[in-house]
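As structure tokens, the structure follows; a few thoughts come after it.
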Amino acid sequence: MTDRRTRGRFLTFEGIDGAGKSTHIAACVESLRARGIDALRTREPGGSPLAERLRELLLTEPMSLDTELLLVFAARRDHLEKVIEPALAAGRWVVCDRFTDSTWAYQGGGRGGSAQRIAWLERWVQGGLQPDRSYLFDLPAEQAAQRRAAARSADRFEREDLAFFERVRAAYLERAAADPRRFVVVDAAMPIDAVSKLLEEDLIKL
Ligand SMILES: Nc1ncnc2c1ncn2[C@@H]1O[C@H](COP(=O)(O)OP(=O)(O)OP(=O)(O)O)[C@@H](O)[C@H]1O
Ligand SMILES: [Mg+2]
């Protein structure tokens with residue numbers, strides 16, 4: 001049996017492609033470990049062997065919005081069963097690069113998917129589970145595109161236009177406004193050091 005007091009915390013990093021999630025997640029995990037906290041870093045879509053195979057399909061294969069939505073949640077279910085839930089139950093902290101807020105933002109805001117369906121799938125797949133803290137890296141789509149241009153080749157999502165990413169961004173901000181206790185909105189246009197400092201201060205609170 002798991003005692004409430006020993007259950008780990010669940011932190012997620014959100015934001016449009018190129019906003020700086022991956023840059024800061026590593027530092028966050030390091031900082032937790034330095035405090036003696038057993039932290040597990042993972043990502044979505046993916047995070048378990050089956051979900052990583054679904055990720056590959058999601059990032060490369062053309063598909064309808066409904067198929068995309070169902071695959072995202074199928075991957076999430078496996079990730080929760082095999083990785084996230086066991087880790088939290090064992091008292092480990094889970095730090096996840098993207099989670100269901102990405103579904104609300106990309107399949108919902110970006111692609112115009114039905115909020116009712118997303119809410120229904122979220123409830124089915126997660127029950128009542130929500131992250132304890134979600135860091136939203138907020139950045140104008142144009143700036144994020146400039147950062148991405150310097151990085152690697154674009155996947156199926158990253159090839160979308162600026163208007164798509166502005167819709168994704170707006171949907172993220174709407175999510176954050178609806179749940180201000182869970183979200184910390186980070187101005188991702190700040191220099192890397194300033195963002196790190198802000199995250200560090202929040203981690204101390206947690
Ligand atoms: N605050 C910042 N100022 C300037 N450049 C930054 C900042 N944060 C990140 N970068 C740079 O922007 C690029 C994208 O950052 P990163 O890969 O962390 O974004 P991401 O949110 O993980 O994107 P994706 O969703 O595509 O994985 C990297 O080259 C990174 O070094
Ligand atoms: Mg990344």
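Numbering of ligands and ligand atoms starts at 1, following listing order. All residue numbers in this chain count up from 1 along the given sequence.
Within the coordination shell of the Mg ion (ligand 2), defined by N, O or S atoms under 2.8 Å, Ser22 is present.
Gly15 does not count as a contact of ligand 1, since none of its heavy atoms falls under 4.0 Å from the ligand.
Among all non-hydrogen protein atoms, the one lying nearest atom 27 (O) of ligand 1 is Arg152 NH2, 3.5 Å. Atom 23 (O) of ligand 1 has as its closest protein heavy atom Gly18 N, 2.8 Å. Among all non-hydrogen protein atoms, the one lying nearest atom 29 (O) of ligand 1 is Arg147 O, 4.5 Å. In this structure, atom 17 (O) of ligand 1 lies nearest to the protein heavy atom Ser22 CB, 4.1 Å. The closest protein non-hydrogen atom to atom 19 (O) of ligand 1 is Gly20 N, 3.1 Å. At the shortest separation from atom 1 (N) of ligand 1 among protein heavy atoms lies Met190 O, 2.7 Å.
Backbone and side-chain nitrogen or oxygen atoms of Val195 are examined, and none is located within less than 3.5 angstrom of a nitrogen or oxygen of ligand 1.
Cluster membership for Leu206 and Val195, using ILVMFWY side-chain heavy atoms within less than 4.5 angstrom, is shared.
Minimum interatomic distance between Arg182 and Ser134 (heavy atoms only, all atoms of both residues): NH1-OG, 2.7 Å.
With a 4.0 Å cut-off on non-hydrogen atoms, Ala188 touches ligand 1 through its backbone and not its side chain.
When the options Arg98, Glu158, Lys21, Glu14 are ranked by their closest heavy atom to atom 20 (P) of ligand 1, first place goes to Lys21.
Side-chain N or O atoms of Arg148 include one that pairs as donor or acceptor with a backbone N or O of Asp17 at under 3.5 Å.
Every atom of ligand 1 is numbered from 1 in the order shown, and the set under 4.0 Å from a heavy atom of Thr23 is 9 (C), 15 (O), 16 (P), 18 (O), 30 (C). Contact atoms of ligand 1 toward Ile192: 1 (N), 2 (C), 3 (N), 6 (C), 7 (C), 8 (N) (distance under 4.0 Å to a heavy atom of the residue).
Of the charged side-chain nitrogens involved, at least one lies within less than 4.0 Å of a carboxylate oxygen, so that Asp101 and Arg175 count as a salt-bridged pair. Ion pairing between Glu201 and Lys197 holds under the 4.0 Å rule for side-chain N and carboxylate O. Taking 4.0 Å as the cut-off between side-chain N and carboxylate O, Arg156 and Glu68 count as a salt-bridged pair.
Counting only heavy atoms from C-beta outward, the side chains of Val168 and Phe157 never approach each other to under 4.5 Å.
Residue-environment remark: CZ (Arg35) exceeds the threshold of 12 foreign heavy atoms within 6.0 Å.
Within the 6.0 Å centre-distance limit, the rings of Phe137 and His24 are counted as a close aromatic pair.
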